[in-house]
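Quick caveat, the model's predicted, so the values are computed rather than measured.
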Amino acid sequence: MAKEDPPHSPAPRIRASDKDRDAVLGVITDAVSNGRLDPEETAERQDEAISAKYLDELLPLIVDLPEGHDLYRTLQRQTGGGTAAGTSITRAHGPTPLAPIAEPGSEKPLNSVAIMSGRELDVPAGTAEVTTYSLMGGDNIDLCDVMGPGVTVSLTSYSMMAGHDIYVPPGVRVRDDTINIMAGNEIRGSAKGDGSNGTLILKGVSFMAGHDVHLAKGYRAKDQGQLE
């Protein structure tokens, strides 16, 4: 009696890298610039991309976007399959924030000093101006609560051999007006929004220093009280 072939094992799922997630976020940004996605869809897809652990979770986010055709095919080859056209995206539960929590400028200006140190700085809603001074140190600055449609926040930093990590929600346009001497800022591609969720203006002077602007991970979940 002939032996039966063992059942075919499914191909293992491939984990996504930060580079993969950033590439998908770049496609979404291009699609927004071309008018293919509204603010709610944009925030939803960005959140899905940030939280994706596997490549096959990224495919539905770009399958219907012409800007992502080449990337979709690349990811599809790596997964050994793909997602059929027309696959829907599961919507996150809870409200989507479409307005600032507080009136811009209703909160007093915020100042911070970091000397060979740093702290977690959650900028409260309504703050329009933030000024920081740093020497061989830097803060983690969270702007998720303060940003929103129509909001403009000025972040002025005077830094020497130092720098901050700045976190913004989806849709924030970042304008860099800083003066840099042997220094420079890095605005991650995923953090370059279309302005639908406000504008962040970077000001100040940096010497042998620089700041990194990131797209905040888990932003929508944080707003919904789902993060610790």
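Under a 3.5 Å cut-off, the side chain of Arg21 and the backbone N or O of Ala52 do form a donor-acceptor pair. Without hydrogens or angle criteria, Asp20 side chain to Ser17 main chain gives a donor-acceptor distance under 3.5 Å. Checking side-chain atoms of Asp142 against main-chain N and O of Cys144 turns up a donor-acceptor pair under 3.5 Å. A donor-acceptor contact shorter than 3.5 Å is absent between the side chain of Thr199 and the backbone of Gly195. Put simply, the side chain of His211 gets close to the backbone of His164: a donor and an acceptor are under 3.5 Å apart.
Two residues are said to be in side-chain contact when any heavy atoms from C-beta on lie closer than 4.5 Å; Asp145 and Thr127 fail this criterion. For the pair Asp122 and Leu143, the minimum side-chain heavy-atom distance is 4.5 Å or more. In this structure, Ile141 and Tyr167 have side chains that are not in contact, with every pair of non-hydrogen atoms separated by 4.5 Å or more. Two residues are said to be in side-chain contact when any heavy atoms from C-beta on lie closer than 4.5 Å; Asn185 and Ile166 fail this criterion. Using a 4.5 Å heavy-atom cutoff, the side chains of Leu65 and Arg45 are in contact.
Residue pairs meeting the salt bridge (Lys or Arg N to Asp or Glu O under 4.0 Å) criterion with at least one member in residues 182-199, sequence neighbours excluded, are Glu186-Arg188, Arg188-Asp212. Residue pairs meeting the salt bridge (Lys or Arg N to Asp or Glu O under 4.0 Å) criterion with at least one partner in residues 22-33, sequence neighbours excluded, are absent. Annotation: ring-ring contact (aromatic ring centres under 6.0 Å, His included) contacts involving residues 36-58, sequence neighbours excluded, are absent.
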Table please: side-chain donor-acceptor pairs of residues 146-157 below 3.5 Å, with sequence neighbours left out.
{"unit_1": "Ser157", "atom_1": "OG", "unit_2": "Thr132", "atom_2": "OG1", "d": "2.8"}

(Q) As a quick check of understanding, evaluate side chain to side chain donor-acceptor pair (under 3.5 Å) for Ser112 and Asp139, giving each step before the final call. (A) CA-CA 9 Å; Ser112 178; Asp139 298 324; 2.8 Å; yes

Q) So Arg36 and Glu41, salt bridge (charged side-chain N to carboxylate O under 4.0 Å, His left out) or not? Walk me through it. A) CA-CA 9 Å; Arg36 299 189 196 277; Glu41 292 173 315; over 6 Å; no

Q) Where do Leu202 and Val213 land on the side-chain contact (heavy atoms from CB on, under 4.5 Å) test, with the steps shown first? A) CA-CA 10 Å; Leu202 301 178; Val213 182; 4.1 Å; yes

Q: Give the intermediate values and the outcome of side-chain contact (heavy atoms from CB on, under 4.5 Å) for residues Thr131 and Leu110.
A: CA-CA 6 Å; Thr131 304; Leu110 183 65; over 6 Å; no

Q: Apply side-chain contact (heavy atoms from CB on, under 4.5 Å) to the pair Val63 and Tyr72, showing each step before the final yes or no.
A: CA-CA 7 Å; Val63 65; Tyr72 180 88; 3.7 Å; yes

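The nearest pair of heavy atoms linking Val24 to Ala49 is CG1-CB, 4.0 Å.
Judged as a side-chain contact (heavy atoms from CB on, under 4.5 Å), and not counting sequence neighbours, the contacts of Lys53 are Arg15, Glu57. In this structure Arg175 satisfies the salt bridge (charged side-chain N to carboxylate O under 4.0 Å, His left out) test together with Asp177, sequence neighbours excluded. The side-chain hydrogen bond (donor to acceptor under 3.5 Å, both in side chains) check on Asp165 picks up His214, with sequence neighbours excluded. Contacts of Asn180 classified as side-chain hydrogen bond (donor to acceptor under 3.5 Å, both in side chains), with partners at least two apart in sequence or in another chain: Thr178. Glu129 is linked by a salt bridge (charged side-chain N to carboxylate O under 4.0 Å, His left out) to nothing, counting only residues two or more places apart in sequence or in another chain. Among residues two or more places apart in sequence or in another chain, the side-chain contact (heavy atoms from CB on, under 4.5 Å) test is passed with Thr74 by Arg77, Gln78. Shown here are the side-chain contact (heavy atoms from CB on, under 4.5 Å) partners of Ala209, two or more places apart in sequence or in another chain: Ser159, Ser206.
Atom-to-atom distance recorded for Arg173:CZ and Asn197:CG is 13.0 Å, nearest 0.5 angstrom. Put simply, CG on Leu58 and CD1 on Ile14 are 12.5 Å apart, with the number rounded to the nearest 0.5 Å. We find the CG-CD1 distance between Leu215 and Ile187 to be 13.0 Å, quoted to the nearest 0.5 Å. Taking CG of Leu61 as the reference point, atom CD of Glu44 lies at 9.0 Å (rounded to 0.5 Å).
Cluster partners of Ile181, using a side-chain heavy-atom cutoff of under 4.5 Å among ILVMFWY residues and allowing indirect links, are Val113, Ile115, Met116, Tyr133, Leu135, Met136, Tyr158, Met160, Met161, Ile179, Met182, Val205, Phe207, Met208.
Counting heavy atoms of neighbouring residues, nucleotides and ligands inside a 6.0 Å radius, atom CZ of Arg73 does not exceed 12 of them.
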